[in-house]
Amino acid sequence: MSSDRNPVIGFPRFTENITFTASSVAADYPAANLGVLPLAQIWESTGLSGEWIKGDLDKPRAARFFMICRHNLSITATFRLRLYDDDAATQSQLVFDSDTAENFIGGNEVWPLVYGDELEWEDDNWLTGKYTEDELSDTVWYRPIWLDRIYLFKSFRLDITDDSNTDGVLRIGMIDVSQGWQPSRGIVPGHESGFEERTSTVTAHGGVDYHERLNKKRYFRGTLPFLPRDEAKGKAFELLRQHDTDVPFAWLLDPTDTKHWLRDCFLAKNEKLSALQRGHRSYETVPLNHKETF
């Protein structure tokens, strides 16, 4: 049985089976952009008040893992997620409501706490423990939503409250939805996670370096040891086969560690199709090698 702390991989994935609509849509930034890459191809609202996004699935799907990808939501933003048995046009048969759910992981704030005792009282965010607006540049941000269990639903509604957003509009690159596979084994100690170097540097004739900073891509390299063979073949092998290196999936290292969610989660693609390693007739070891996709 999976530990609650084991990583989560957004597979099977249903995003491509969703029709998106929204409360308002800016010219050239339709709600349909919420289901497609690149993440720079965004949905944009026309204002801040009463904004919502609805997703209508092609048929009832069983899912647990949502991720708000590449958003501009401010530090004070909140959301409310509701799931329904019926389609987006009706939404009268409520299945789940994050406002009333007990033990909803991470709560309804878009930005959870990311600091603790490591801050000094002079720091601007000593009282809040959250990022400051000054710290949000040069990174693509995500907000994972990991439900308490898998729910069967036909549509969902995501309400966003962000009246203090200084951009005057809301922008989101994708709402990723998946069942969410939580392996029965945790990651082997010694895994690697970090950023790909993408900043461009040019040295002038006089020796001065000029830099153009680009958004850094996160990566993860680790191993799931000795998965039961049926799980390894039915999940890990199928992730490689069905997603190859071109179809994205959501990644979250530890769904219980809300303090580091924003550092560890991202929309990923397989960087290469690493081979499963058979150590026993009943078990396979699974290398994970994936990188953030924009």
Side-chain angles (χ1 to χ4, degrees), residues 1-14 61-69 81 83 96 98 101-109 112-116 142-153 176-194 218-240 242-243 248-271 274-292:
M1 184 175 180
S2 295
S3 164
D4 290 342
R5 299 186 65 89
N6 287 356
V8 177
I9 298 172
F11 177 80
R13 180 175 182 262
F14 308 128
R61 301 274 187 174
R64 182 180 183 183
F65 193 19
F66 289 71
M67 187 176 284
I68 305 172
C69 306
L81 176 65
L83 312 179
F96 170 86
S98 65
E102 294 184 7
N103 301 318
F104 179 49
I105 301 173
N108 286 332
E109 293 184 274
L113 301 179
V114 293
Y115 293 117
Y142 306 83
R143 175 48 159 94
I145 303 173
W146 178 240
L147 305 183
D148 61 323
R149 62 177 178 84
I150 293 173
Y151 289 88
L152 182 67
F153 61 96
D176 198 68
V177 182
S178 61
Q179 186 179 77
W181 168 41
Q182 190 169 39
S184 60
R185 300 287 190 272
I187 301 292
V188 169
H191 68 265
E192 298 180 1
S193 59
R218 299 172 177 90
Y219 67 83
F220 182 88
R221 299 178 189 126
T223 304
L224 294 169
F226 295 100
L227 285 184
R229 191 160 190 262
D230 287 348
E231 180 184 5
K233 289 294 188 180
K235 294 293 187 179
F237 190 85
E238 286 301 316
L239 175 69
L240 297 175
Q242 295 181 33
H243 283 241
F249 54 88
W251 163 257
L252 180 57
L253 180 60
D254 182 349
T256 69
D257 186 11
T258 59
K259 185 177 180 180
H260 297 298
W261 265 2
L262 306 182
R263 299 180 174 110
D264 291 333
C265 76
F266 55 92
L267 191 69
K269 287 182 181 177
N270 290 313
E271 190 168 12
S274 303
L276 275 62
Q277 302 162 4
R278 191 172 188 188
H280 183 275
R281 67 180 183 180
S282 300
Y283 298 96
E284 304 265 356
T285 292
V286 177
L288 297 176
N289 192 326
H290 48 258
K291 184 168 64 176
E292 185 176 4

request  = Under the side-chain contact (heavy atoms from CB on, under 4.5 Å) rule, what do R229 and R278 come out as? Steps first, then yes or no, please.
outcome  = CA-CA 9 Å; R229 191 160 190 262; R278 191 172 188 188; 3.6 Å; yes
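- Around atom CZ of F226, no more than 12 heavy atoms belonging to other residues, nucleotides or ligands sit under 6.0 Å away.
- In terms of the salt bridge (charged side-chain N to carboxylate O under 4.0 Å, His left out) criterion, residue partners of R61 (sequence neighbours excluded) are, by chain and number, D58.
- Residues satisfying the salt bridge (charged side-chain N to carboxylate O under 4.0 Å, His left out) test with D254, not counting sequence neighbours, are R5.
- Considering only residues two or more places apart in sequence or on other chains, F65 meets the ring-ring contact (aromatic ring centres under 6.0 Å, His included) condition with W146.
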task = Applying side-chain contact (heavy atoms from CB on, under 4.5 Å), run through L81 and F104 and close with a yes or a no.
result = CA-CA 11 Å; L81 176 65; F104 179 49; 5.6 Å; no
Intermediate values then yes/no, side-chain contact (heavy atoms from CB on, under 4.5 Å), T285 and L276 = CA-CA 6 Å; T285 292; L276 275 62; over 6 Å; no
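- The structure places NZ of K269 at 14.0 Å from NE2 of H290, a figure rounded to the nearest 0.5 Å.
- Here the shortest heavy-atom pairing between S184 and L227 reads OG-CD2, 3.8 Å.
- A heavy-atom distance below 4.5 Å is found between the side chains of W261 and R143.
- Note that CZ of F11 and NE2 of H243 are 5.5 Å apart. Values are rounded to the nearest 0.5 Å.
- Applying the salt bridge (charged side-chain N to carboxylate O under 4.0 Å, His left out) rule to R218 yields the partners E292; only residues at least two apart in sequence or on another chain are considered.
- A side-chain contact (heavy atoms from CB on, under 4.5 Å) with P12 is found for exactly one of Q242, E238, K235, namely K235.
- For R13 (side chain) and D176 (main-chain N/O), no donor-acceptor pair under 3.5 Å exists by modelled atom type.
- You'll find the side chain of T256 stays beyond 4.5 Å of the side chain of I105, heavy atoms only.
- Around atom CZ of F96, more than 12 heavy atoms belonging to other residues, nucleotides or ligands sit under 6.0 Å away.
- Under the ring-ring contact (aromatic ring centres under 6.0 Å, His included) criterion, H260 pairs with no residue at all, not counting sequence neighbours.
- Within the 4.5 Å cutoff, the side chain of L252 has no heavy atoms near those of the F266 side chain.
- In this structure, the separation between OG on S178 and CZ on F14 is 7.5 Å, given to the nearest 0.5 Å.
- Under the 3.5 Å distance criterion, the side-chain polar atoms of N6 are matched with a main-chain donor or acceptor of P183.
- For N108 and S98, the side-chain atoms include at least one donor-acceptor pair closer than 3.5 Å.
- Taking CG from L240 and CG from L288, the interatomic distance works out to 9.0 Å, rounded to the nearest 0.5 Å.
- Distance alone, capped at 3.5 Å, places no donor-acceptor pair between the Q179 side chain and the I150 backbone.
- Between L224 and I187 there is a side-chain heavy-atom pair separated by less than 4.5 Å.
- Using a 4.5 Å cut-off on side-chain heavy atoms (C-beta onward), L113 and T258 make no contact.
- For the pair R263 and F220, the cation-pi criterion (under 6.0 Å, within 45° of the ring axis) is not fulfilled.
- Atom CG of N270 is separated from atom NZ of K291 by 12.0 Å, given to the nearest 0.5 angstrom.
- R221 places a side-chain heavy atom less than 4.5 Å from the side chain of N289.
- Not counting sequence neighbours, F237 has no partner by the ring-ring contact (aromatic ring centres under 6.0 Å, His included) test.
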